[in-house]
Amino acid sequence: QRAEREGQREGADQGCQGAHAAMEPGSGRHGKFSARISARISAKMPAMGSRLSNPRAGLTRRRLLQGAAGTLAAAGTLALRPRAAWAAEAPPWVWQWLTALGDERVPFALALLCSRRYPQVFWALVVAGLIGTAYTHLGKHLIDALRPPAVLAPDAFNLIGPQVLRNSFPSGHSAAAAVFLGVLVCYVRPTWARALLVALGLGVGLSRVAVGVHWPVDVAAGLGGGVLAAWLGVGLADRSRWGALEPSSHLAFVTLAVLFTLSLTYWDGGYHLARGLLLVIGTLGLAQVAIGYGVAPLVRWRRLDPLRA
């Protein structure tokens with residue numbers, strides 16, 4: 001009887017082990033069914049946010065902060081030289097084009113060019129832009145520094161564009177350019193492209209001194225704050241991706257960017273020589289939205305349902 005009981009126990013243990021083995025993924029009917037369901041769920045997961053992945057984004061953000069000090073030092077050194085030594089060498093339209101690229105509406109328009117294909121980059125631009133906007137507006141409200149036209153004699157500088165007297169620190173155009181270009185630096189990989197983006201941001205900052213509406217310290221603070229906002233924005237967007245993964249949130253931010261972009265088509269911000277450039281940027285952003293969110297989905301829908309075509 002004792003031998004029979006031990007035999008029954010061994011049989012029960014073997015049966016349990018067989019049942020556990022059958023329920024493991026990849027073994028038996030249950031495993032195949034689980035694998036099939038997992039594959040279907042993975043295939044139906046939204047692809048937004050996964051189209052552009054840069055595993056070196058963390059390293060790039062650190063390099064971005066390391067290079068910020070050198071960029072600010074170069075901007076301050078060149079801007080402190082007499083204006084006639086460098087600003088007068090370029091025609092006024094060059095400085096107006098560069099300074100127009102720092103308009104707070106321009107990053108929204110340019111962000112629309114990548115919003116559909118690279119929603120994670122668009123989401124990082126939105127987060128960084130909100131941080132940069134809070135930084136510049138808070139600084140202008142708390143400090144309220146006078147601009148060069150309110151302090152210097154008319155023959156001491158050359159004013160190109162509208163005359164603004166207050167809210168000098170920090171430079172909003174410089175911060176906006178540093179935010180947009182800084183985020184792109186974190187995602188692009190070619191070294192020459194990163195160098196070009198840094199040079200363009202430096203040019204926007206210098207243009208604010210060349211047009212006579214900012215002090216060099218304003219530009220340095222704007223570039224530094226914009227770089228920091230870009231670094232924080234990319235990091236926060238990587239940790240919380242709901243703005244890129246949830247279609248309703250993504251479309252809400254796209255709509256907000258469209259509203260800013262529309263104003264580029266009829267208001268040049270006082271820089272009339274850059275009106276054509278702003279019009280082209282605004283038109284490209286709106287056209288991308290119309291094609292990416294209107295025409296392309298409609299074409300795909302008609303292809304999937306030929307009876308409705």
Checklist outcome for this item: Heavy-atom nearest pair, L159 first then G212, reads CD1-O, 3.9 Å
Checklist entry - Within the distance-only criterion (no hydrogens, no angle test), does the side chain of S240 pair as donor or acceptor with the backbone N or O of L236 below 3.5 angstrom? => result no
Item to check | Closest contact, heavy atoms only, T136 versus G172 | outcome: CG2-CA, 4.1 Å
Next on the checklist: Please check: side-chain N/O of H214 versus main-chain N/O of S168, any donor-acceptor pairing under 3.5 Å?
Outcome noted: yes
Next on the checklist: Run V198 and L181 through side-chain contact (heavy atoms from CB on, under 4.5 Å) and show every step you take.
Outcome noted: CA-CA 7 Å; V198 172; L181 300 174; over 6 Å; no
Checklist entry - Should L197 and V179 be regarded as members of a common hydrophobic cluster, given that ILVMFWY residues are connected when their side-chain heavy atoms come within less than 4.5 Å of each other, either directly or indirectly? => result no
Item to check | Between CD on residue Q120 and CZ on residue R241, distance to nearest 0.5 Å | outcome: 4.5 Å
Checklist entry - If you group Ile, Leu, Val, Met, Phe, Trp and Tyr by side-chain heavy-atom gaps below 4.5 Å, do L196 and L184 land in one group? => result no
Checklist entry - According to a 4.5 Å side-chain heavy-atom criterion applied to Ile, Leu, Val, Met, Phe, Trp and Tyr, with indirect links allowed, do V217 and L146 form part of one hydrophobic cluster? => result yes
Checklist entry - What closest approach, in Å, do I131 and A229 show between heavy atoms, and which atom pair accounts for it? => result CG2-CB, 3.8 Å
Checklist entry - Looking only at heavy atoms, which two atoms of G222 and A178 are closest? And how far apart? => result O-CB, 4.4 Å
Next on the checklist: I'd like to check the side-chain contact (heavy atoms from CB on, under 4.5 Å) partners of S263; sequence neighbours left out, ordered by chain and number.
Outcome noted: R105, Y266
Item to check | Contact check, side chains of V234 and Y187, non-hydrogen atoms, under 4.5 Å | outcome: yes
Item to check | Check: T99 side chain, W95 main-chain N or O, donor-acceptor pair, under 3.5 Å | outcome: no
Next on the checklist: Quick check for you: to the nearest 0.5 Å, what is the distance between I291 atom CD1 and L298 atom CG?
Outcome noted: 13.0 Å
Checklist entry - How many angstroms lie between atom OG of S174 and atom CZ of R208, to the nearest 0.5 angstrom? => result 7.0 Å
Checklist entry - Do Y293 and R116 touch side chain to side chain, with heavy atoms closer than 4.5 Å? => result yes
Checklist entry - So, R194 side chain and V188 main chain: donor-acceptor pair closer than 3.5 Å or not? => result yes
Checklist entry - Got V121 and C114 here, is their nearest side-chain heavy-atom distance under 4.5 Å? => result yes
Checklist entry - Which residue pairs pass the salt bridge (charged side-chain N to carboxylate O under 4.0 Å, His left out) test with at least one member in residues 254-266, sequence neighbours excluded? => result none
Item to check | Gap separating the OG1 atom of T133 from the NE2 atom of H137, nearest 0.5 angstrom | outcome: 5.5 Å
Checklist entry - Going from CG on L232 to OH on Y135, what distance comes out if it is rounded to the nearest 0.5 angstrom? => result 12.0 Å
Next on the checklist: Using side-chain heavy atoms (C-beta onward) and a distance below 4.5 Å, is W215 in contact with V151?
Outcome noted: yes
Checklist entry - If we only count heavy atoms from C-beta on, is the L273 to P92 side-chain gap below 4.5 Å? => result yes
Item to check | Matching residue for I281 among V106, T265, D103 - test: side chain to side chain contact (heavy atoms under 4.5 Å, CB included) | outcome: V106
Checklist entry - Is it true that a side-chain atom of K140 and a backbone atom of N167 form a donor plus acceptor pair closer than 3.5 Å? => result yes
Checklist entry - Which value, rounded to the nearest 0.5 Å, describes the distance between D268 atom CG and Q96 atom CD? => result 8.5 Å
Checklist entry - Are F122 and H250 close enough that their ring centres sit under 6.0 Å apart? => result yes
Item to check | Shared hydrophobic cluster, W267 / L284 (ILVMFWY, side-chain heavy atoms < 4.5 Å) | outcome: no
Checklist entry - Is the side chain of R275 donor-acceptor paired with the backbone N or O of Y271 at a distance under 3.5 Å, no angle test? => result no
Checklist entry - Is there a side-chain contact between P148 and V213 (heavy atoms, below 4.5 Å)? => result no
Checklist entry - Looking at A257 and L112, what are the two nearest heavy atoms and their distance? => result CB-CD2, 3.6 Å
Checklist outcome for this item: Residue pairs meeting salt bridge (charged side-chain N to carboxylate O under 4.0 Å, His left out), one or both in residues 141-153, sequence neighbours left out, come to D144-R166
Checklist entry - What residue among F108, W123, F260 forms ring pair (Phe, Tyr, Trp, His ring centres under 6.0 Å) with F253? => result W123
Checklist entry - A150 and L165: which non-hydrogen atoms are nearest, and at how many Å? => result CB-O, 3.7 Å
Next on the checklist: If hydrophobic clusters are built from ILVMFWY residues whose side chains come within less than 4.5 Å, do L279 and V289 share one?
Outcome noted: no
Checklist entry - Under a 4.5 Å cut-off applied to non-hydrogen side-chain atoms, are L101 and L110 in contact? => result no
